[in-house]
There are 2 protein chains.
Amino acid sequence: MKGIRQLADHLDISIGTVSRALNGKPDVNEETRRRVLAAAEELGYVANQSGRSLRQGETKVIGLMIASSKETVENADNFFLGVTSGLQSVFARHKLDLIMLPCPNDEDPHEYLKRMVARRIVDAMIISETQRIDRRIDLLSRAKIPFITLGRSLSASNATWIDLDFEGVAKRAVERLIARGHRRIAITVPSSEINLGYIFVEGYRHALEQHGIPFDPSLVIRVKSSEQGGYQAAHELLLLEERPTAVILIYELMAIGLYRRLMESGVMPGRDLAVIGFRDAPRSRFLQPSLTCFRMSLHDLGVKLGRMLLANMPAYAEFYSGDGRNTIWPLELVPGESDVFQVAVKA
Amino acid sequence: MKGIRQLADHLDISIGTVSRALNGKPDVNEETRRRVLAAAEELGYVANQSGRSLRQGETKVIGLMIASSKETVENADNFFLGVTSGLQSVFARHKLDLIMLPCPNDEDPHEYLKRMVARRIVDAMIISETQRIDRRIDLLSRAKIPFITLGRSLSASNATWIDLDFEGVAKRAVERLIARGHRRIAITVPSSEINLGYIFVEGYRHALEQHGIPFDPSLVIRVKSSEQGGYQAAHELLLLEERPTAVILIYELMAIGLYRRLMESGVMPGRDLAVIGFRDAPRSRFLQPSLTCFRMSLHDLGVKLGRMLLANMPAYAEFYSGDGRNTIWPLELVPGESDVFQVAVKA
DNA sequence: CTGAAAGCGCTTACAG
DNA sequence: CTGAAAGCGCTTACAG
């Protein structure tokens, strides 16, 4: 099947009528519509997207940009694939397709995005892994492409964003540890300029100060968000003069490496050092002792993300009037055995 | 910047010349070309892809279809993101972009692919997770779209495929275990109809028979390829009348759950039961005892996959004449401590 | 309810 | 070396 012309010739009607029938326009004879639909199905005709896009000025495709950096590959733990299902469940209602745009790791994300946007392959974009300063946001604003960011950014004053509740997680983790007598609480942050690290530390710092515990920069450990990073973090913890009694990890997979390094030194996680992780992932579910961490539904996050994006697109905004605001996505604490012990209070 | 028309008006030349200049055609005055390039850069002009595609009959986009099923999300372990970097390094040479097409889990993969193909969003397709019988292959053949499958299939007689060396892995694992005295060797296979499970078992069976060990169907354990599946597999192993002394896992993450279940019963992996995993992933690198498994470079696999695909595309075939053949991708054994002990040979 | 025609943004023979 | 024009496959006012 070549195109609408062939289909029209085959049915001996005009291409205009074929188009109207296929697109569900009301002013088509029902019998005609049936014939068109049947023939399209039989001959496997589907409208060429380039033709449609050119005429309509829209592609019905939404792009999700992901940085396929080595870091992301090791860490993302299928975070994006998880979010995808939620996004698609929203987009499907409007016959919008989702495509994932992996930015090559040797290409500048800003240049990559610029190219994708200019080519008009998508009608709207979702960007993620927002940096503290993220020029992509200015780019999208200027291009007047509807977009949303998964992650806050200092550049995001003219963007709508959704982000995980990093402050809330840091705060709850700190308070939970303080309640068990901890005073020296370490925290790990990513070594990159990704914005979430800054927010995480701010939440941590604020929670400490609320409880009268001074912030000690030596307890903030910058490592990669990977098992190797966890191993490294444990190594650094063990070298600290006054060893902390607890550590909060920004990424749960780090716990695997952290446990390993601790055990090598005879330090038992959950007995000698309290550990709280961030997001619970299937991988870490079998850790021993089980990891106290925070859970969320990636599917639900995807749904909200999708709704928020559509709220920013004129053609769909009416259906999602309640979804236009910036959102902090809550996480639920999953208690484990890695932080159950009490610290003896010093006399 | 609206389109080529604006840019041409701005430069006071015709759109034809602008197009030729931008596309590097030889018959353009160098000074003119410089002016056009500079103006395009300044005004941020990039050709609208729909216009190009419509005219040229190609999109310069390659699609990688992935099933975003719950299983894949939990298991894929960023396999696809890893392969992506290799693919892109090949495609970049020809200014081809890669997009990932995640099939919604409530949509039939065949229907999804049909839609994507018919819309002509991509010039060529890569499909993965091939099933034993996979109608997508017939669909792509009939649509005359260049494609390649990551994974063999019984349907693949008219397709070019690349696949991991499942037989080789099964064979080497079996032989390694036999050399250490094992006779009762269990194997896990996926519970789905994905073809690799069949190939894995065939390799296992063949290796056993070569060494005069009869194939025992009760040692083939069908479970999900996840940590939970590993847990379940261990559970079933422990229930077997004559307990096997070794197990080969088709997916390395299963080892986490398997270890856990074994330890709950006081069975020590690497001492009471030999374990060999499949692909080595960052997640399992910290297992104790360390897992004997097989390694490969996802990047290199992606490169080969990209080359093979281009070898099947008329426009690029000349550069990849040596890459057209079906390929079995080798894996390298990474010895660990999970299978080091010898089994006492029965008198 | 249907057909004929315009035009979306490009690229590319064709003329000059 | 450049311009004018055709046409890729659609959708959509417009006329009837």
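Letters go in sequence order (proteins before strands), and every chain restarts at 1.
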Trainee: Please list residues of residues 20-31 of chain B whose heavy atoms come under 4.0 Å from any atom in DNA chain D, ordered by number; otherwise none.
Mentor: R20(B), D27(B), V28(B), N29(B)

Trainee: Considering only NZ, NE, NH1 and NH2 on the basic side and carboxylate oxygens on the acidic side, decide whether D9(A) and R5(A) come within less than 4.0 Å.
Mentor: yes

Trainee: Which nucleotide, in any strand shown, forms a Watson-Crick or G-U wobble pair with dA4(C), with both distances under 3.5 Å?
Mentor: none

Trainee: When we call it a touch if two heavy atoms are under 4.0 Å apart, what does G16(A) touch: a base, just sugar-phosphate, or nothing?
Mentor: base

Trainee: Contact class for S53(A) (heavy atom, under 4.0 Å): base, sugar-phosphate, or nothing?
Mentor: nothing

Trainee: Just jot down the side-chain hydrogen bond (donor to acceptor under 3.5 Å, both in side chains) partners of S53(A), sequence neighbours excluded, or say none.
Mentor: Q49(A)

Trainee: Which part of the nucleic acid, if any, lies within contact of I15(B), taking any heavy atom under 4.0 Å across all strands shown: a base, the sugar-phosphate backbone alone, or nothing?
Mentor: base

Trainee: Classify S19(B) by what it touches in the nucleic acid, base, sugar-phosphate, or nothing, heavy-atom distance under 4.0 Å.
Mentor: base

Trainee: Between D27(B) and K25(B), is there a side-chain N and carboxylate O pair less than 4.0 Å apart?
Mentor: no

Trainee: Kindly point out which of dC1(D), dT12(D), dG3(C) is positioned nearest to the side chain of I13(A)?
Mentor: dG3(C)

Trainee: Donor-acceptor check, side chain of S155(A) to backbone of I133(A), threshold 3.5 angstrom: yes or no?
Mentor: no

Trainee: Taking only the side-chain heavy atoms of Q56(A) (C-beta and beyond), determine which of dT11(D), dC8(D), dG3(D) contains the nearest atom.
Mentor: dT11(D)

Trainee: L150(A) and side-chain contact (heavy atoms from CB on, under 4.5 Å): which partner among W161(A), F79(A), W329(A)?
Mentor: F79(A)

Trainee: Of all the choices, dG9(D), dT2(C), dC10(C), which nucleotide is nearest to the side chain of Y45(B) once you look at every atom?
Mentor: dC10(C)

Trainee: Indicate yes or no for a side-chain donor-acceptor contact from D123(B) to the backbone of T59(B) under 3.5 Å, with no hydrogens or angles considered.
Mentor: yes

Trainee: Applying a 3.5 Å limit to both distances, which nucleotide forms a Watson-Crick or G-U wobble pair with dA13(C)?
Mentor: none

